[in-house]
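Okay, structure first, notes after.
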There are 2 protein chains.
Amino acid sequence: MNIGEAARESGVNAKMIRYYERTGLVPVAQRSENGYRVYSEPDVHTLRFIKRARDLGFSVAQIEQLVQLWQDQDRSSAEVKRVALEHIRELQQKITELEAMKRTLEHLAEHCHGDHRPECPIIDDLAGSL
Amino acid sequence: MNIGEAARESGVNAKMIRYYERTGLVPVAQRSENGYRVYSEPDVHTLRFIKRARDLGFSVAQIEQLVQLWQDQDRSSAEVKRVALEHIRELQQKITELEAMKRTLEHLAEHCHGDHRPECPIIDDLAGSL
DNA sequence: CCTTGACCTTCCTACAACGGGAAGGTTTAT
DNA sequence: ATAAACCTTCCCGTTGTAGGAAGGTCAAGG
């Protein structure tokens, strides 16, 4: 299987597969005589794993741990859970930040007439004229 | 006022002030004889405006618009509100994405024993073994 | 007068996780 | 023969920020 097909099968595009190889997230691929990268079903399975983890917002560093745990038959589920809970905390932290921003802006926007006149509480807030 | 003091006064550090100048978000600063950048109170005011907008999550591109609107006495508050509402939409979009990730992970983590055994629904999900 | 420390300058590098594109080699099909 | 659909490497851009090197400037203190 060439990189294009592996990309289609896994949902990770060719550019990213090469990137993951370069950065060590996936092992260096075999090459066929013409120099093309060759992928097997298990390789594609790993790429799908990575894709799913990226979709859940894990960083590449976290995914490295998760892939290792996945391959490790002697893993403890506690280790996996620890990585997941850490990520959940990060997500919650980000959500909290974004919600605070949103609340502030909504409050300001509510009091903005949004008409042809220049008076605007949003600008006033940014300008510190309160 | 040198860049260090402007940084302290505005909350934007010197490195970022130079960056904002380079990218055109703030005008090129005056220079004193020794080549140092010189800032006035209004300059610092602009930097504070930018800082506040960054803290609210606006992109530099959006801030460029907001600064222009701020300087423009003939602005309509509708224009400001439009920028703000667009940003609110972006924030909400991001929040929704993050919450979906978080919900999925929480669900998976709930069903993970988190003990010494390898069985783990989190890994199973990532591996697509469902 | 000289040194020290606290400034300032520019320039280069890195980060994370991609995407675009150039320049070129290979294979397959028509 | 030539087109198209692949593949390769290499380089650059993104966004906003941070670190550091190498060097110039300035004020205080010995």
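Here the structure is a predicted model, which is why all the values come from computation and not from measurement.
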Item to check | Of residues 85-104 of chain A, the positions that come close to DNA chain C - non-hydrogen atoms, cut-off under 4.0 Å | outcome: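 By residue number: none to list.
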Checklist entry - In residues 44-70 of chain A, which residues come under 4.0 Å of DNA chain C by heavy atom? => result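 Under 4.0 Å from DNA chain C: A:R54, A:S59, A:V60.
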Next on the checklist: If you compare every side-chain N and O of A:Y20 against the phosphate oxygens of C:dC18 (OP1, OP2), does one of them come in below 4.0 Å?
Outcome noted: yes
Main-chain N/O of [Y] paired to [X] side chain as donor or acceptor, under 3.5 Å:
X	Y	result
A:H113	A:P118	no
A:H45	B:A127	yes
B:K81	A:C112	yes

Next on the checklist: For B:Q93, I'd like to know if atom CD has over 12 heavy atoms of other residues, nucleotides or ligands within 6.0 Å.
Outcome noted: no
Checklist entry - For atom CD of B:Q30, is the number of surrounding heavy atoms from other residues, nucleotides or ligands below 6.0 Å larger than 12? => result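 No, because the 6.0 Å sphere around CD of B:Q30 holds 12 heavy atoms or fewer from other groups.
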Any side-chain donor paired with an acceptor under 3.5 Å for [X] and [Y]?
X	Y	answer
B:T96	B:E99	no
B:D115	A:S77	yes
A:Q62	A:E90	yes
A:Q65	A:E86	no
B:D43	B:S40	yes

Checklist entry - Looking at residues at least two apart in the chain, or sitting in another chain, which of them share a side chain to side chain donor-acceptor pair (under 3.5 Å) with B:R37? => result B:E21
Checklist entry - Which residue pairs pass the salt bridge (Lys or Arg N to Asp or Glu O under 4.0 Å) test with at least one member in residues 59-77 of chain B, sequence neighbours excluded? => result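 Sorted pair list comes back empty.
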Length of the [atom1]-[atom2] vector between [X] and [N], whole Å:
X	N	atom1	atom2	answer
A:R22	C:dC18	CZ	P	12 Å
B:M16	D:dT17	CE	P	4 Å
B:Y19	C:dC12	OH	P	17 Å

Next on the checklist: Using a strict threshold of under 4.0 Å (side-chain N to carboxylate O), is an ion pair present between B:E41 and B:R48?
Outcome noted: yes
Between the protein and nucleotides 20-22 of chain C, which nitrogen or oxygen pairs are less than 3.5 angstrom apart?
residue: C:dG20; atom: N7; partner: A:K15; partner atom: NZ; Å: 3.0
residue: C:dG20; atom: O6; partner: A:K15; partner atom: NZ; Å: 3.2
residue: C:dG21; atom: N7; partner: A:K15; partner atom: NZ; Å: 3.2
residue: C:dG21; atom: O6; partner: A:K15; partner atom: NZ; Å: 2.4

Between the protein and nucleotides 6-9 of chain C, are there any N/O to N/O pairs under 3.5 Å, and if so, what are the atom names and distances?
residue: C:dC7; atom: O2; partner: B:Y36; partner atom: OH; Å: 3.4
residue: C:dC8; atom: OP1; partner: B:I3; partner atom: N; Å: 3.4
residue: C:dC8; atom: OP1; partner: B:G4; partner atom: N; Å: 2.5
residue: C:dT9; atom: OP1; partner: B:R37; partner atom: N; Å: 2.9
residue: C:dT9; atom: OP1; partner: B:R37; partner atom: NH1; Å: 2.8
residue: C:dT9; atom: OP2; partner: B:R18; partner atom: NE; Å: 2.9
residue: C:dT9; atom: OP2; partner: B:R18; partner atom: NH2; Å: 2.7
residue: C:dT9; atom: O3'; partner: B:R31; partner atom: NH1; Å: 3.4

